[in-house]
Protein chains: 2
Amino acid sequence: MSFQIKELPVVFIGAGKLATNLAKAMFENEFQILEVYSRTKESAKELADNVNAKWVTDLQNLTTKNALYIVSLKDAALVDLLPQIIKGRETSLLVHTAGSIPMSIWGNTLRHYGVFYPLQTFSKKHEVNFKEIPFFIEASSPEDEDKLKVIALALSEKVFIADSEQRKSLHLSAVFACNFVNHMYALAADLLQKYQLPFEALLPLIDETARKVHTLSPDQAQTGPAVRYDESVIKKHLDMLADEPSMQDIYRMLSQSIHIYQSYITTKKQD
Amino acid sequence: MSFQIKELPVVFIGAGKLATNLAKAMFENEFQILEVYSRTKESAKELADNVNAKWVTDLQNLTTKNALYIVSLKDAALVDLLPQIIKGRETSLLVHTAGSIPMSIWGNTLRHYGVFYPLQTFSKKHEVNFKEIPFFIEASSPEDEDKLKVIALALSEKVFIADSEQRKSLHLSAVFACNFVNHMYALAADLLQKYQLPFEALLPLIDETARKVHTLSPDQAQTGPAVRYDESVIKKHLDMLADEPSMQDIYRMLSQSIHIYQSYITTKKQD
């Protein structure tokens, strides 16, 4: 089945970070990428050239051949373009890659549709190892679910079935564990720059913080002044942020949240 | 010199997470640990047994031999116990391990003193690789600085000199890059639990988020709905957090901060 599935050509609608990484990984795994659509020629061509495909900037000109259409657009663009995307492709398999959009968006004119959601943070300039990326799949029928599973298993070792509600919560959790985390890195980098210290000094700590939650739960792994609300350290830190009121607000809010959270966990364990 | 330095016996005042990890690493590297002080017998004995040292729960009974005294106490305890710690040890080398306490706390009765600050997050149950941990050193004289450097280099490949101001800002940055980051993991774990999803599903994303900032700056690495302030996604997420007002506040504040920060960076680059 793994060989046959690669005979189903793939069309990408969207050429953003996720589409770029996914298309390249599929191309390397010998999937045949037929066409790439993007609103701008620059990004359509860039991705198409990388995966030996045709590029298209007008949805009217996109093939309607029987294929797997992977739609990876910003949420608003997906909603806008949906009628054009569906039209003439009623018998193909159409999937989107968005964590926060339910499968039901595909409506009731398609026969084969679903969601193909790799839970990862992608950048155009930074390659990721797809083997480790968890894929969350949802489909309109057990047969289409099987197809998507086989495709995902060709790329990754971690393939799960998740409904739209679960995917929404995965996406929200990912905002905390990735986007908010990365913003903490950004704020730390700014602080260090202010004091002429290199961001690299923090990398072993950043790595260890991530490594720790592989063997300890995040509440067990927590350290630092906020756990016991060490007022003397917290006050010093807030003073150091006196000319950065928004960082000061973040520091205060997160320290309080850590303290309440860790106290609650400790109380619960003593019960 | 590396051999000689190990002939200077080491005394630990404090047996918390940092002291435990540091004492064990020194013991494995053939330093001679003489005594371990902690307020409670349980933790004094636990660490002492691990590093073949005597345990002491009363500072009055602690040796005053010529030694390296490594003081690793909570900030408030260090201040309280300082007179007792210094008394009778005027010719020994005394260091503390606190990021947020200046070297000047040692006052002017000691001849040899300093700070020995490993920038890492420690847990008693989780071993770390000391070779990768950056040590930041400050001392009362070039000779003592050299001594501390040689000691640190016996444990780690990354040894730096940093004054008290720089160390304070390292410590504050570490709160963002480690404690606040870990709290984001904790909040994400709670969300997933609510929806019966395993925290493990996030580990590849957590790892990649940390890995990315080895090659991209945090602002280049940022992704997610807050970068362009995607109101439709953000609204959905805030709705999902309706019964968690404090997580909702954190989500709102950090999304706004990301948006402002990333917009500022983009504008700066276009200038």
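Below, chains carry the letters A, B, ... as their sequence lines are ordered, and counting in each starts from 1.
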> What pair of heavy atoms forms the shortest contact from B:Leu254 to A:His183, and how long is it?
Replying inline: O-CD2, 4.3 Å
>> Is B:Phe199 in contact with chain A via its backbone, its side chain, both, or neither, using a 4.5 Å heavy-atom distance?
In response: side chain
> Contact part of B:Val175 toward chain A, heavy-atom cut-off under 4.5 Å: side chain, backbone, both or neither?
Replying inline: side chain
>> Just by distance, no angles: are the side chains of B:Ser246 and A:Ser257 close enough, under 3.5 Å, to form a donor-acceptor pair?
In response: no
>> Please tell me whether A:Glu208 and B:His126 have a donor and an acceptor in their side chains that are separated by less than 3.5 angstrom.
In response: yes
>> Quick check against the 3.5 Å criterion: does B:Gln120 have a side-chain atom that pairs as donor or acceptor with the backbone of A:Pro204?
In response: yes
> Are there more than 12 heavy atoms of other residues, nucleotides or ligands under 6.0 Å from atom NZ of B:Lys124?
Replying inline: yes
> What do you reckon, is CZ of B:Arg252 surrounded by more than 12 foreign heavy atoms closer than 6.0 Å?
Replying inline: yes
> Distance-only, no hydrogens or angles: does the B:Lys236 side chain make a donor-acceptor pair with backbone N or O of A:Ser100 under 3.5 Å?
Replying inline: yes
>> Is B:Lys194 in contact with chain A via its backbone, its side chain, both, or neither, using a 4.5 Å heavy-atom distance?
In response: neither
> What pair of heavy atoms forms the shortest contact from A:Asp249 to B:Met253, and how long is it?
Replying inline: CB-CE, 3.6 Å
> Which atoms form the tightest heavy-atom contact between A:Ser173 and B:Leu192, and what is the distance?
Replying inline: OG-CD2, 3.3 Å
> For B:Ile265, is it the side chain, the backbone, both, or neither that has a heavy atom closer than 4.5 Å to a heavy atom of chain A?
Replying inline: neither
>> For a quick test of reading the model, state the closest non-hydrogen atom pair linking A:Asp75 to B:Val233 and the distance between them.
In response: OD2-CG2, 2.9 Å
>> Go through it in stages, so that I can follow the logic: the residues are B:Phe180 and A:Tyr251, the test is ring pair (Phe, Tyr, Trp, His ring centres under 6.0 Å), and I'd like the CA-CA distance, side-chain angles, deciding distance and then a yes or no.
In response: CA-CA 8 Å; B:Phe180 291 171; A:Tyr251 186 100; 5.3 Å; yes
> Between B:Ser123 and A:Lys212, is a side-chain hydrogen bond (donor to acceptor under 3.5 Å, both in side chains) present by the stated rule, with each step listed?
Replying inline: CA-CA 9 Å; B:Ser123 294; A:Lys212 249 177 149 177; 2.9 Å; yes
> Quick one: what part of B:Thr223 sits under 4.5 Å from any heavy atom of chain A, side chain, backbone, both or neither?
Replying inline: both
> Where on B:Ala76 is there a heavy atom nearer than 4.5 Å to chain A: the side chain, the backbone, both, or neither?
Replying inline: neither
> Can you tell me how far CG of A:Leu216 sits from NZ of B:Lys125, rounded to the nearest 0.5 angstrom?
Replying inline: 7.5 Å
> What about B:Phe176 and A:Tyr185, are their ring centers closer than 6.0 Å?
Replying inline: no
> Do you know which two heavy atoms are closest between B:Thr209 and A:Ala177, and how far apart they sit?
Replying inline: OG1-O, 4.3 Å
> Within the side chain of A:Gln222, is there an N or O that forms a donor-acceptor pair under 3.5 Å with the backbone of B:Asn182?
Replying inline: no
>> If I compare all heavy atoms of A:Ala201 with all of B:Leu119, which pair ends up nearest, and what's the gap?
In response: O-CD2, 3.6 Å
>> What part of B:Ile260 gets within 4.5 angstrom of chain A, counting heavy atoms only: side chain, backbone, both, or neither?
In response: neither
> Which region of B:Leu172, side chain (C-beta onward) or backbone (N, CA, C, O), has a non-hydrogen atom less than 4.5 Å from a non-hydrogen atom of chain A, or is it both or neither?
Replying inline: both
